[in-house]
Amino acid sequence: MVETGLANAVVTGIVTGSIIALGAIGLALVYSIAEVPNFAHGELLTIGAYLALLVNQPTTVPLFDTFAAGPQELSAVGLAILFVLAGGAFLAAVYLLGGRSALEGSWWPTTPPPTVGLVVHAVAAAAIGGLVVVGFPSILAGLLLSALLLAVLAPLLERYVFRKFRSRGASLATMLIVALGLSFVLRFSTQAYFSGEPRSFTVPDVGTVFGQQVVLSAARWFDFYLHGGGIVVQILDTADASHPELALLSYSWPVIAVIVVVTLAVAALVYRVRSGGEYGGGSTFGPRLSATVAGAAAFVVLVLVLPGGGSVPSDPIATTRVSLSLVRAGVVALAMMMMTSLHLLLQETKLGTAMRAASDNKDLARITGINTDRVMMSTWILAGAFAAVGGVMLGILFATVRINMGFFLLLPMFAGVILGGLGSVYGAILGSFLVGVAMDVGIYSFHIGAVYRVPVAFVVLFVVLLVRPQGITGGS
Amino acid sequence: MALSSSLVSLGVLVGVFGLLALGLNVKFGYTGLLDIGHVAFFLVGAYTSALLVAPPASTQQFGDYILGWSWPWLPAIAVGTVLAGLLGLLVALPAIRLREDYLAITVLGISVILRRIVQSEGWLANGPDSLRGYPLPLRELFPLPGSDLVSALLFGLIIAVFWTVIAYAIARWLGERDGVGSTVVHGAVAVTTLGVGYVAGRLATRYETVGNPEPIDVRAAPDVRYVIAGGLVAGVVAVAGSVAGAGTVVLVAFLGLASLFSWLLGGVLLAAYFSGVDRRDVGMSVGLALAFVVAFLPVILVGGLAGIFGTVLLLAVLVYGLFSLGTGWEAVESSVGFARLIGMAAIWLFLLRYFVLSLVTPLTFRGVGAALAELIQNVLWLLKFTTAGVQFDYVRFLLALTFATVAICYYLLEVTVDSPFGRVLKAIREDEDVATSLGKNTFAFKVQSMVLGSAIAGLAGGLSAIHYRALTHTLFAPRVTFVAFLILVIGGVASNRGAILGAVIYWAFWKGTTDIAQFFPPSARSSVQALRLAVFGALFIVILYYRPEGILGDKGTQTGGGS
């Protein structure tokens with residue numbers, strides 16, 4: 001009998017961790033650049049999830065449901081509203097970046113003539129609006145709309161609340177309390193408008209992957225059998241009650257040895273190449289990142305190519321099962337994609353460099369000519385967008401959209417940020433994954449109920465604060 | 001149920017949350033510790049007291065819990081308080097050294113964990129179900145008047161305490177030299193205190209000559225001997241009357257008159273506080289109160305979506321008007337500050353609601369007689385009028401108990417704050433490095449402040465266990481700490497009076513919005529209730545921005561401290 005074990009807890013933790021990371025990224029950015037311990041960040045996730053309902057479940061949205069002709073159907077007026085909301089939010093976000101001149105393209109790498117800027121922005125807005133309308137009622141279109149709307153809401157919070165307090169020289173504690181009050185306002189306004197009943201997203205059950213119809217939410221069981229000759233992996237499908245076998249991969253010890261050696265060799269080689277020699281220290285794909293990516297790629301290739309056939313061993317030394325569904329894998333994949341784009345933004349673009357500089361030392365950054373106001377705004381825009389994605393992912397993962405779903409993640413997000421080290425977005429990402437894994441491994445190892453996940457995250461945080469308050473990356 | 005009874009019940013909540021805010025005030029207002037897990041100590045105090053007082057779990061059918069030793073209430077609450085203080089110590093020792101925002105998150109986490117444990121461990125305190133079935137203190141003796149000696153003695157004790165407070169109040173706040181001289185007022189006071197209270201109060205009034213070189217007479221602390229003597233005399237009379245069989249008469253006489261006295265005292269105090277306000281401002285405040293009531297007429301009279309819309313529109317206009325009035329207040333050249341004007345308007349609103357609007361429903365549905373009965377019940381609020389006669393019921397006793405506890409704690413805290421200990425705490429809040437450089441062990445002081453504040457929260461928890469009658473984990477959500485912060489910031493940080501005032505404002509607002517929610521259609525009602533918390537959060541931010549010291553705080557004390 002194969003049971004889920006530690007490995008499964010780790011995988012589940014990685015899934016949780018990616019959602020925490022999406023929130024923690026925004027939290028870390030805002031913490032270090034805007035110097036706001038944003039206790040309202042959890043509510044941003046909640047609002048993100050609720051906004052996606054406009055597209056995905058329009059009948060459950062008060063006032064808007066008058067435009068819904070049926071579940072997941074919208075009248076032309078409703079679609080028009082969505083179009084305007086999406087395009088308008090895009091334009092509003094650009095406007096918040098830097099006023100009218102931003103709409104004329106002042107934030108582009110090369111400043112175009114004003115009319116060109118305006119036209120391009122208008123066209124882009126229309127395109128985005130069109131995307132949302134065409135994608136209706138898919139949850140992904142909801143995600144896009146939600147990200148756009150939150151990308152406007154978050155900077156508005158900064159401009160009308162936090163900036164005012166900051167200009168008065170408010171202390172960190174005051175900002176925290178302000179954020180606390182704001183979380184009240186956000187959460188209960190949302191509850192007042194949407195009412196407290198839980199809802200859930202409509203995620204398509206069946207999708208096409210590589211040309212095949214697959215059930216998205218059904219888990220795949222990856223059963224690992226360790227036996228005398230090596231490791232056998234059996235992949236079972238739970239969509240069908242008889243659990244038919246999808247694949248059987250058998251790795252003998254020599255094969256495993258080859259995989260390990262080649263992976264390490266590839267990683268080491270890439271590390272060597274990227275950190276020295278003709279390439280010097282390339283910053284975006286630095287040596288460690290390149291080595292990790294190359295090693296992982298090599299691992300995947302070898303694992304897919306090398307196994308032989310075989311049968312399930314009858315007398316294994318040890319077994320474990322990892323349960324993973326496409327939806328959850330998709331959550332991790334999307335989170336990874338967003339983090340990669342953030343990485344590219346931070347490393348490759350001028351804005352990203354400005355953000356890193358401002359996070360390090362805002363006054364110095366201002367002296368060197370960086371427009372810290374614009375950096376501040378883009379920080380909040382990013383924070384809002386990431387929070388929206390996180391919120392929608394959370395809603396998909398837990399299959400409900402509730403008022404307190406964001407607050408539930410607030411402590412783990414803070415834990416991730418602090419564990420990774422304040423002032424470092426990468427630290428926050430790493431910290432979030434660690435916290436996520438700790439949460440699930442914790443409740444598995446101590447055999448306590450799943451309701452104790454957040455307390456476990458908190459205990460991790462507490463230990464970190466006692467032992468190494470500056471976190472992993474050490475910046476404080 | 002008359003409005004007075006629901007307000008009495010609300011008063012107990014005001015007391016409990018006032019205590020909670022007082023505890024937070026020690027930690028946050030005076031020491032600058034950002035404890036957003038304050039509710040954890042509230043929880044510990046409440047559950048400990050309830051679990052100790054409850055009968056053994058085996059005797060109950062509904063569930064399971066630990067302890068259940070059937071203790072009396074006083075030691076149970078004492079243990080709860082001590083335990084809460086101990087938890088504060090445990091939390092403080094590792095966490096105080098952290099940065100202020102780290103400390104905040106740490107204690108928040110602890111409160112979340114404690115609540116989770118209570119929620120999921122069914123064996124501890126009956127799981128997600130409520131912990132109920134524990135006896136309430138002295139419940140069996142109520143409602144008074146009772147027929148046996150014990151209840152007569154209890155009645156006498158209560159009267160004695162009331163008359164002690166009355167005499168104290170007279171000595172403290174009523175006197176010719178303060179300009180409250182009219183014989184009418186004094187005569188009314190004498191009547192409503194049955195002569196005894198008045199005499200005792202006047203005997204206890206003392207004046208001291210201070211000042212050099214220009215000596216003046218200032219009011220000194222009342223002479224406690226006379227105050228207590230007055231209370232004792234009244235108590236003895238009450239017992240005698242009760243034993244002699246005239247229980248109800250004595251009850252009505254004493255408590256009815258005491259109710260009247262309370263209105264009198266309130267009037268005198270308000271007149272003194274708002275003295276020097278000219279007619280125009282009084283008119284403005286009345287106008288504001290009336291405008292507020294008028295704003296709700298659409299939803300009351302018209303109803304439906306149009307009514308809601310009308311009300312929301314009028315409210316928006318009102319808020320905008322208030323806002324522009326507030327920011328441009330100097331141009332109005334009034335004799336009072338804007339906050340005071342709002343205070344006056346609020347008091348007018350209360351009087352309007354309590355004495356006038358409460359009569360509307362009985363008048364329209366049951367006639368003049370019912371309206372008159374309602375008015376009498378509201379005026380003589382210490383008495384409960386039931387079909388079985390006139391009584392002093394348990395809720396009113398709880399109110400007295402809570403009031404006494406809050407008064408004692410308030411007094412102790414005021415003494416603490418003015419002591420050297422309190423001054424060090426304030427120094428730590430303003431600039432910890434300076435305090436350290438003066439040789440103070442700031443760590444020890446912070447820990448002590450944490451322990452004290454947490455113990456007070458535990459005491460509040462014990463009281464809340466009595467009031468709620470059944471404890472559920474939802475009562476101790478992190479939201480409660482936020483409410484305590486709201487109360488403090490609005491009422492006045494680092495001001496104990498502000499903590500009480502904040503609690504009054506919060507629950508008045510709560511009650512007001514519950515009232516108003518009744519006029520909305522049921523589907524919108526829960527939204528209104530959620531909206532009130534959003535409004536409170538917004539109010540919190542506004543006050544934090546425009547008046548960070550709160551209503552009663554000093555301008556020098558800002559929320560959040562210096563560094």
Side-chain angles (χ1 to χ4, degrees), chain A residues 31 37 39-40 62 160-161 164-165 168-197 403-404 407-408 410-411 414-415 417-418 422 448-462 464-466 469 476, chain B residues 28 32-34 36 94-95 97-106 108-117 119-121 128 477-479 481-483 485-486 488-489 523-524 526-545 548 558-563:
Chain A
Y31 217 145
F39 259 80
Y160 289 111
V161 179
K164 301 214 163 182
F165 280 92
R168 286 243 184 127
S171 67
L172 203 63
T174 310
M175 290 300 227
L176 200 153
I177 303 178
V178 171
L180 217 61
L182 211 52
S183 80
F184 251 58
V185 175
L186 288 174
R187 187 204 299 204
F188 292 109
S189 311
T190 314
Q191 187 176 349
Y193 183 75
F194 281 95
S195 94
E197 344 146 331
I403 286 291
N404 58 356
F407 179 75
F408 171 74
L410 188 67
L411 265 180
F414 267 101
V417 170
I418 296 176
L422 278 186
I448 48 183
V451 76
Y452 283 112
R453 276 159 125 176
V454 172
V456 168
F458 165 72
V459 168
V460 167
L461 169 64
F462 196 48
V464 168
L465 282 179
L466 281 180
S476 63
Chain B
F28 176 64
L33 297 171
L34 201 55
I36 42 180
R97 298 180 202 273
L98 301 173
R99 229 169 73 169
E100 48 191 4
D101 47 346
Y102 289 174
L103 171 69
I105 297 168
T106 307
L108 174 67
I110 289 180
S111 75
V112 165
I113 291 182
L114 278 180
R115 188 198 159 200
R116 257 318 130 84
I117 293 179
Q119 178 186 355
S120 355
E121 300 303 311
R479 188 194 332 171
T481 317
F482 305 162
V483 168
F485 266 98
L486 258 52
L488 264 189
V489 167
S523 52
S526 66
S527 295
V528 171
Q529 303 198 349
L531 201 58
R532 71 175 147 202
L533 281 168
V535 168
F536 226 73
L539 193 64
F540 175 75
I541 295 180
V542 166
I543 291 196
L544 203 57
Y545 185 68
Q558 302 269 328
T559 309
S563 56

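Within every chain, numbering begins at 1; the chains are lettered A, B, ... in the order of the sequence lines, protein sequences first and strands thereafter. None of the values given here were measured: they were computed from a predicted structure.
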With salt bridge (Lys or Arg N to Asp or Glu O under 4.0 Å) as the rule and sequence neighbours excluded, what pairs involving residues 172-182 of chain A come up? none
A/Phe414 and B/Leu108: CA distance, side-chain angles, deciding distance, side-chain contact (heavy atoms from CB on, under 4.5 Å) verdict: CA-CA 11 Å; A/Phe414 267 101; B/Leu108 174 67; over 6 Å; no
Give a yes or no on whether the ring-centroid distance for A/Phe458 and A/Phe462 is below 6.0 angstrom. yes
Among B/Phe485, B/Phe536, B/Phe482, residue most engaged with chain A (heavy-atom pairs, under 4.5 Å): B/Phe482
Heavy-atom pairs under 4.5 Å with chain A are the metric here; pick the option from B/Val112, B/Ile105, B/Leu531 that has the most. B/Ile105
Where does [X] contact chain B at under 4.5 Å (heavy atoms): side chain, backbone, both or neither?
X        : answer
A/Phe194 : neither
A/Ile403 : neither
A/Leu465 : both

Interchain contact, [X] with chain A, by part (heavy-atom threshold 4.5 Å):
X        : answer
B/Ile110 : both
B/Ala104 : side chain
B/Leu539 : neither
B/Arg532 : neither

CG/A/Leu411 to CG/A/Leu461 distance, rounded to the nearest 0.5 angstrom? 7.5 Å
Do A/Val185 and B/Phe540 touch side chain to side chain, with heavy atoms closer than 4.5 Å? no
Does B/Arg116 CZ have over 12 foreign heavy atoms under 6.0 Å away? yes
Quick check on the interface: out of A/Leu182, A/Val459, A/Val456, who has the most heavy-atom pairs with chain B under 4.5 Å? A/Leu182
Taking all heavy atoms of A/Met175 and all of A/Phe165, pick out the closest pair and write down the distance. SD-CB, 3.9 Å
